[in-house]
Amino acid sequence: MVSVPLFALVDCNNFYVSCERVFAPKLRDEPVVVLSNNDGCIVARSNEVKALGVKMGSPYFQYRSLIEHRGVQVFSSNYTLYGDMSRRVMSVLAYFSPEVEVYSIDEAFLNLAGFATNTITDYGKKIRATVKQWTGIPVSIGIANTKTLAKVGAYIAKHSSKAGGVVTLLHPRYRERALAMTPVAEVWGIGRRLAPRMMGLGIQTALQLSRANERWIRKQMGVNGVRIVQELRGISCFPMQVARAPKKSITCSRSFGRPVTTLTEMQEAVAAYVSRAAEELREERAVVKELLVFMMTNRFNEKELQYHPHMTVTLPVATSNTGELIHQALQAVEKIFKTGYKYKKAGVIFTELLPENQTQMDMFDTTNRSRLGKLMAVVDRINTRFGSRSLQFAAQGITQPWHMKCDMRSPCYTTDWNQLLTVQA
DNA sequence: TCTGGGGTCCTAGGACCC
DNA sequence: TCTGGGGTCCTAGGACCC
């Protein structure tokens, strides 16, 4: 017998802020923000900061004076720390369900099909308490028959003071009440374009969306819209996805800490990004057949001359060798780089990925690929052990004056012996 | 002065073929 | 004036997610 679908969505509250607070407990009731790469945007806010009206994803400089005036603690993002904390949270969740789908750095779906529904909210509370106790991270949990409804539950749990962090939406009456409380813009899959359109057409809440005509939805929102509506009605259309699908592309791009104007610096930066992307490629046990290099001026500065070139390179043989990839990418850089512009950002995208054991040989290719592979494996091991860039290609540059800003980064408390937290007793 | 980064999927429209 | 029709494949752009 196939049991009724039952999902929990576990969502970490203000995740990056919570990670910083674990290691700086005195910030527990203080306003805190975490910035994006290059200290550009605000990507995580504590509740105190949300209450000040600071918008998610807004440019830091727009709120800088407010932030300073209110004594808000500011952190550059520390993805090494957040990635490690995320792994810890996910490993706790694995105790509570046979199937955990890690949906993002701060969210996971748990398959609870077959679990007793009359005690499921208490089970959710136990999960919540255990994650908090073992990792220090507070979470909100939604439990329902579909993933989209579980998301709604977690949204309500986060915003309701009496829910105790867990909201179950199994009873039709509760479900309707929850959907009526949820703005249509908060529904999973309704983004910044669709939300205003829906609202203009008289659909303000998730409940109204769930009652919309299916054919009309198909026309307005495509096939995915129909699935969303079905899910809101309690019919599961998005199953658990436990096995991680192989990646279809790998990107590495960064804004520069200051404008780049010379070919030499642009080449260094692109070489560094290729190197990072190639590490990920090897982690993925894949090789790449085609890559795209791009660079751009500051699109926000209307007074400056704009230039956003890109170039696609097809590699003679699919590879994951950093040296070869840098060589190819830098040729593209030379072709599209023009002097006279202030570049703000550059990047590389590996498209056309193949599993490394399916490499198509080129009969004119004389490179000894097995030796090259072993060399890269050794470099990766050394960099894992002694820190990234312990061994690097000269093309990446040594001082990297164009490197992004991250002046307010916290230590890597959990992944570097030299940065452990010290406690004075 | 100062505006992130990394993904996936869907669709419309053009190119091309018969 | 009148200017086929239908299928497939590819790609760019748009939408979404975190």
Side-chain angles (χ1 to χ4, degrees), chain A residues 9-12 14-16 33-44 54-68 74-79 82-83 86 101-109 147-148 151 154-155 184-198 218-228 237-238 241 244-259 273 276-277 280-281 284 290 292 294 296-304 310 312 342 344-353 403-409:
Chain A
L9 176 73
V10 180
D11 192 346
C12 301
N14 317 332
F15 181 57
Y16 300 166
V33 294
V34 176
L35 304 179
S36 64
N37 274 333
N38 214 28
D39 294 343
C41 295
I42 294 166
V43 293
V54 175
K55 296 273 177 296
M56 171 67 178
S58 52
Y60 174 42
F61 74 87
Q62 281 178 3
Y63 286 107
R64 197 165 195 157
S65 60
L66 175 76
I67 281 172
E68 281 167 11
V74 181
F75 290 92
S76 302
S77 42
N78 181 346
Y79 288 106
Y82 310 149
S86 173
E101 174 186 337
V102 178
Y103 177 67
S104 74
I105 194 165
D106 68 340
E107 274 177 62
F109 288 103
K147 284 181 163 180
T148 306
K151 284 276 232 180
Y155 168 79
V184 71
E186 296 298 330
V187 174
W188 192 33
I190 308 292
R192 72 193 158 90
R193 294 315 259 257
L194 279 173
R197 228 170 82 203
M198 289 289 120
R218 174 70 180 82
K219 227 173 123 192
Q220 293 292 322
M221 305 168 58
V223 290
N224 206 45
V226 177
R227 291 197 196 108
I228 291 168
C237 302
F238 305 123
Q241 296 191 331
R244 202 175 61 66
K247 284 197 177 164
K248 296 179 175 168
S249 69
I250 292 173
T251 303
C252 181
S253 73
R254 294 280 180 278
S255 296
F256 302 126
R258 60 140 169 86
Y273 304 157
R276 176 71 207 110
E280 228 175 278
L281 187 63
E284 188 76 13
E290 193 177 88
L292 182 149
F294 68 91
M296 53 177 69
T297 46
N298 186 350
R299 69 198 158 102
F300 296 105
N301 192 335
E302 286 164 11
K303 285 180 230 145
E304 257 171 37
H310 62 90
T312 302
K342 288 185 188 166
K344 173 71 183 162
K345 179 176 175 173
V348 61
I349 306 174
F350 292 169
T351 50
E352 297 283 311
L353 305 192
H403 197 276
M404 67 174 180
K405 284 182 280 186
C406 51
D407 300 333
M408 297 159 284
R409 181 174 290 169

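None of the values given here were measured: they were computed from a predicted structure. Chain letters run A, B, ... following the sequence lines, proteins first and then strands; every chain starts at 1.
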For the side chain of [X] and the backbone of [Y], is there at least one donor-acceptor N/O pair under 3.5 Å apart?
X	Y	value
A/Ser36	A/Cys41	yes
A/Arg254	A/Ala346	no
A/Asn38	A/Phe256	yes
A/Ser77	A/Leu35	yes
A/Glu101	A/Gln241	yes

Looking at every strand, decide which applies to [X] at a 4.0 Å heavy-atom threshold: base, sugar-phosphate, or nothing.
X	result
A/Asn37	sugar-phosphate
A/Phe300	base
A/Glu280	sugar-phosphate
A/Arg244	nothing

In terms of the nearest nucleotide of DNA chain B, which residue is placed more toward the 5' end: A/Pro246 or A/Tyr79?
-> A/Tyr79

Nearest-nucleotide 5' precedence on DNA chain B, A/Asn224 against A/Asn38 =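 It is A/Asn38 whose nearest nucleotide is closer to the 5' end.
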
Set of side chain to side chain contact (heavy atoms under 4.5 Å, CB included) partners for A/Ile105, sequence neighbours left out | A/Phe15, A/Tyr16, A/Tyr82, A/Ser86

Just how far, in rounded Å, is [atom2] of [N] from [atom1] of [X]?
X	N	atom1	atom2	result
A/Tyr82	B/dG4	OH	P	17 Å
A/Phe350	B/dG5	CZ	C1'	16 Å
A/Gln241	B/dG7	CD	C1'	14 Å
A/Arg409	B/dG4	CZ	P	16 Å
A/Phe75	B/dG4	CZ	C1'	19 Å
A/Phe238	B/dT8	CZ	P	17 Å
A/Asp407	B/dG4	CG	P	16 Å
A/Lys405	B/dT1	NZ	P	13 Å

Pairs under 3.5 Å (Watson-Crick or G-U), crossing ones as [ ], inter-strand ones as |: DNA chain C comes out as ....||||||||||||||

Partners of A/Arg218 by salt bridge (Lys or Arg N to Asp or Glu O under 4.0 Å), sequence neighbours excluded?
-> none

Would you please name every residue forming a salt bridge (Lys or Arg N to Asp or Glu O under 4.0 Å) with A/Lys247, sequence neighbours left out?
->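 Applying salt bridge (Lys or Arg N to Asp or Glu O under 4.0 Å) to A/Lys247 gives A/Glu280.
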
Compare every heavy atom of [Y] with every heavy atom of [X], then report the nearest pair and how far apart it is.
X	Y	result
A/Met404	A/Ser255	CB-O, 3.7 Å
A/Ser76	A/Asp39	OG-OD1, 2.8 Å
A/Thr297	A/Lys344	C-CB, 3.8 Å

Can you list, by residue number, the residues of residues 247-254 of chain A that have a non-hydrogen atom closer than 4.0 angstrom to DNA chain B?
-> A/Lys247, A/Lys248, A/Ser249, A/Ile250, A/Thr251, A/Cys252, A/Ser253, A/Arg254

In whole angstrom, give me the gap between the P atoms of C/dC18 and B/dT3.
->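 Looking at atom P only, C/dC18 and B/dT3 are 25 Å apart.
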
Just wondering, do A/Lys151 and A/Lys147 contact through their side chains at under 4.5 Å, heavy atoms?
->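 No, side chains not in contact.
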
List the protein contact pattern of nucleotides 11-18 of chain C with one symbol per nucleotide (5' to 3'): B for base contact, S for sugar-phosphate-only contact, - for none; contact means a heavy-atom distance under 4.0 Å.
-> ----SSSS

